[in-house]
J.: 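To start, I am sharing the structure in question, which I have written as structure tokens.
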Amino acid sequence: MKKRKKIIVLFFLLHFVMFSQSKAIVRGREHISIDRNWKFAFGHPSDAKKDFNTGTAYFSYLAKAGFGDGAASANFDDRSWRNLNVPHDWGVEQDFSSKASFSHGFKAIGRNFPNKTIGWYRKKITIPESDLGRRIYIVFDGVFRNSIVWINGHYLGNQDSGYLGFEYDITDYINYGGENSIAVRVDATMEEGWFYEGAGIYRHVWLNKTNNLHVPVNGTFVQTKTKDNATTINASVSVTNEDKMSKSFKILQTVFDASGKKISENTINSCSLKPRETKDFTSDMKVQDAILWSIENPYLYKMVTSIYEEDKLVDNYETTFGIRTIRFDANEGFFLNGKHLKIKGTNNHQDHAGVGAAIPDALQEFRIKTLKSFGSNAYRCSHNPPTPELLDICDRLGMLVIDENRLMGSTQTQLGDVKKLIERDRNHPSIISWSVGNEEWGIENNIVGARIASTMQSYVKSIDSTRYVTAAFSGGIGSDGITTVMDLLGINYIVNKSTDEQHKLFPNQFIWGTEEGSTNATRGEYYRDNKKHIMPAYDKAPSSSFISIEQGWKHYNSRPYLAGMFIWTGFDYRGEPTPFEYPSVGSYFGMVDQCGFYKDTAWYLKAWWQDEPVLHLLPHWNWAGKENQDIEVWAYSNCDEVELFLNKKSLGKKTVEKDGHLGWNVKYNPGTLEAIGYKNGKKNIIDVVKTTGVAASLKLESDKIVLDANKNDVAVIKASTLDKKGLQVPIADDEVTFSITGPAEIIGVGNGNPTSLEPDKFLETITVLNIENLKEKEVESITSLEQTKDNIAIVSWENAFREERDSVFGKKVKAILYRTDFELSSNYKESRITFFYNSLGKQQSIFINGKQIANAIPENKNGDTFVLDKTMLRSGKNTIAILSEPLLKVKPWDVINQNAGSIQILTSAEQYKRKLFNGLAQVIIQTTGEAGEVKLTATSKGLKQAVISIKTIK
Ligand code: GAL
């Protein structure tokens, strides 16, 4: 069966055939992706004209229902806008600027960039006539931020949060059996965080279709209790009746195991709901010997809630859940399924190289796998609700989660947001804790903070009593704020607060480290350079206000009362380039860089966070110019002992301290640095680092070589260079150009360099010239060609449309000639130039620079499109003449079109390219949906090219 939140058209039917005992069937629930084929253009926060004159009409959308004007109106002409698919982050597409925000990685969006801070999205959807009578909802998983949505010119609502999903019931507004137009205005002027947040519809968009009697969105809550080998599944379902008649029905709850086998079933009979009533129905089911969800075996069950009216199956709602127990102990830490588990976590923002906040699902999976690869078992969604697909992936891959609310507060506004978050996410077995806030410096140490935190904590427990409520605290010792009220206290940095002291004062409180680290490292660099903004990758405390990752882990790992810790951060992200400023644009905190390439400290964690043997040497061994100088050589290993050799000469064997690392000062000489790790006196593992020659050829490696053509799947491809002997060159910085053929496209490039100002995306550019300032002149007929020639003086002509287009005008005027001009720049030949014309007449002929492009064409309400032949164009002023038989009002209130349309100048994208940074770059490619073979080629001057083949299959 398909997983939650995927297109499940036909699911209902399939389910019926497989599981239902009933005979009658009506159309049930559909969950349809509408991510593809949106139109996009920038608006403006204060210049109405640049905001398509939206909100300027005498009656606009807040005055009268259905009066969406400008770009919010149903029939707005958006043909010249850019075509794109969502998820989309326009922030990552922009240039960098020193005037832009430190938090948002100096991407040129926000208050100082009014032309790039409002984004408009429009889309047309067809709803069949057969949907009349069903409920239809439009669902947004997340839009950054402050969105307004309209359908067919009707205002649906605002959502200011950039992190919460939202939905609108559009049933009543739909044009059944025809086209419907969705418009979304997104305002990314304000920031919600102090880290990169993206801009736009950066998560999925869906249409949900149901019957009037149905389970509302996020309407189930499956809780489990397991004792010995017996599990009780407590399944609560909310049912709503949006019909105008009362409804009687029964609810069938069926539990399937991961293989699709039915393992339990329960029927709740004789249910009824009055019109527009919603009620919760709850039942208990017993399961013996359930397979428990764990990090190693993230086993998932599925509950299908079926609603029957008589024998008609009217709704089917799937809930994925896991069976597991969690427990915190104030002295012994955390227990999963009764077994002690030290939390080895990382904090992460939603941001990746090349794509920013619009992370495809498959890339989310790549990120979670990367974190798991060094033994991490927990993920803190700092500091906001994540996209739902991330949680699905954590459920599937076995990653514990702290799901975090954005802003602390206890009014209806903030508690409402918390409720939404919990109702959306409460069935994910991966989530072990709800975090109500992070480092609220204004309140965390005072009585207001204590009150708010305590209210939030009890509120959360009233909605979900199965998980622990935490808040991340960074204030000092002796506070009387939130540290006094939380059941599970999150400490941000032990240099800020002594966990031992807190534990003594509050012996019954559970404690974990919600942030530790904040160390700074540039991948592959080993000497600090303040001019070049480089931080060495040895794990050393960056300043007296922080400690190293090793010190942090030793603290948490050596105290049984501490449940574990979350490193700041797993992945680097845009923004917060501490300790530097522009032109550094990305953070230095990550255990892996923005692409997911390991920094050395990830190897430290791999050594101590998982059980496979690890031996990793740092730094690289390309130090020409430093001959005979001391180089600090470190080894990360979980062996008992490690012996180091330079060019076969032993530099001594050292004993590995638990949770520690080894170090040698080695006089540099080119050649081979080799380490041998011993376990129980026996050779266990080796690591070799060799001095390389210069780069000779390129290499491409992909995380996958087969992609699912049905699923917007991505491949994450690593580019590197090899020397003549085939050794990877760790200091290479060649610029590599990428080209692609077959059914996939490049969606972004990166290299993990926090100071790189290279583009993440190479996109076509669009300039739109509105055909404005029309002048007009009466002519005898539509065949009067005289004044359609090029370069006719029109200064003395009247401005167009001064006279009403009524029947009097119609009797007087048989034909009108409109003229205006538009400017093209000198490089116009490099672009595709399209005239999106809107009819000004019942029939019309059009001339560009005197050359006819349309001859007596009839009125077309959808507009006509002309790709202009460039030989008829010139740089500078071009003229346009439209000879037409005027459109006339039939009723006095008819509005006659005065907008002749626009000219779109579309310049195709440059080829994708990126410099390697310390030997590596990343290219992300995404399927376009067809099956076939994709070939990605990397070229660079003087180097042998590399090609990688990837299959896409249906
Ligand atoms: C913490 C904060 C994080 C991040 C980090 C950088 O105080 O919670 O969001 O800013 O500092 O050191």
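Since this is a predicted model, take the numbers as computed values, not measurements.
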J.: Hey, which of Asp864, Asn855, Ile853 is the one that makes side chain to side chain contact (heavy atoms under 4.5 Å, CB included) with Ile846?
T.: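 Going through Asp864, Asn855, Ile853 one by one, the side chain to side chain contact (heavy atoms under 4.5 Å, CB included) with Ile846 is satisfied by Ile853 alone.
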
J.: Test salt bridge (Lys or Arg N to Asp or Glu O under 4.0 Å) on Lys49 and Glu772; report intermediate values, then the result.
T.: CA-CA 12 Å; Lys49 194 173 171 206; Glu772 299 174 314; 3.3 Å; yes

J.: Does the gap between the ring centers of Trp150 and Tyr173 come in under 6.0 Å?
T.: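 So the answer is no for these two rings.
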
J.: Within the 3.5 Å criterion, strictly below it, is a donor on Gln350 or Tyr202 matched to an acceptor on the partner's side chain?
T.: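 Yes.
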
J.: Can you check whether Arg424 reaches Leu391 side chain to side chain, under 4.5 Å on heavy atoms?
T.: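 In contact.
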
J.: Phe801 vs Tyr818 aromatic rings, parallel, tilted or perpendicular, using cut-offs 30° and 60°?
T.: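 Parallel: the ring planes of Phe801 and Tyr818 meet at under 30°.
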
J.: Determine whether the aromatic ring centres of residues Tyr137 and Tyr168 are separated by less than 6.0 angstrom.
T.: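 Judged by ring-centre distance (under 6.0 Å), Tyr168 and Tyr137 do not meet the cut-off.
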
J.: Is it true that Asp894 and Lys891 make a salt bridge, defined as a side-chain N closer than 4.0 Å to a carboxylate O?
T.: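 Judged by the 4.0 Å cut-off on N to carboxylate O distance, Asp894 and Lys891 do not form a salt bridge.
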
J.: Taking side-chain contact (heavy atoms from CB on, under 4.5 Å) as the definition, give me every residue that meets it alongside Asp243, ordered by chain and number, with sequence neighbours left out.
T.: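 For Asp243 the side-chain contact (heavy atoms from CB on, under 4.5 Å) partners, ignoring immediate neighbours, are Asn212, Asn241, Met245, Lys247.
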
J.: Assess the pair His88 and Phe40: is the distance between their ring centroids shorter than 6.0 Å?
T.: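 That pair passes the under 6.0 Å test.
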
J.: Could you tell me how the ring of Trp90 sits relative to the ring of Tyr121: parallel (under 30°), tilted (30 to 60°) or perpendicular (over 60°)?
T.: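 Tilted.
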
J.: Does any donor atom in the side chain of Arg79 or Asn838 lie under 3.5 Å from an acceptor atom in the other side chain?
T.: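 Their side chains do contain a donor-acceptor pair, which is all the 3.5 Å distance test asks for.
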
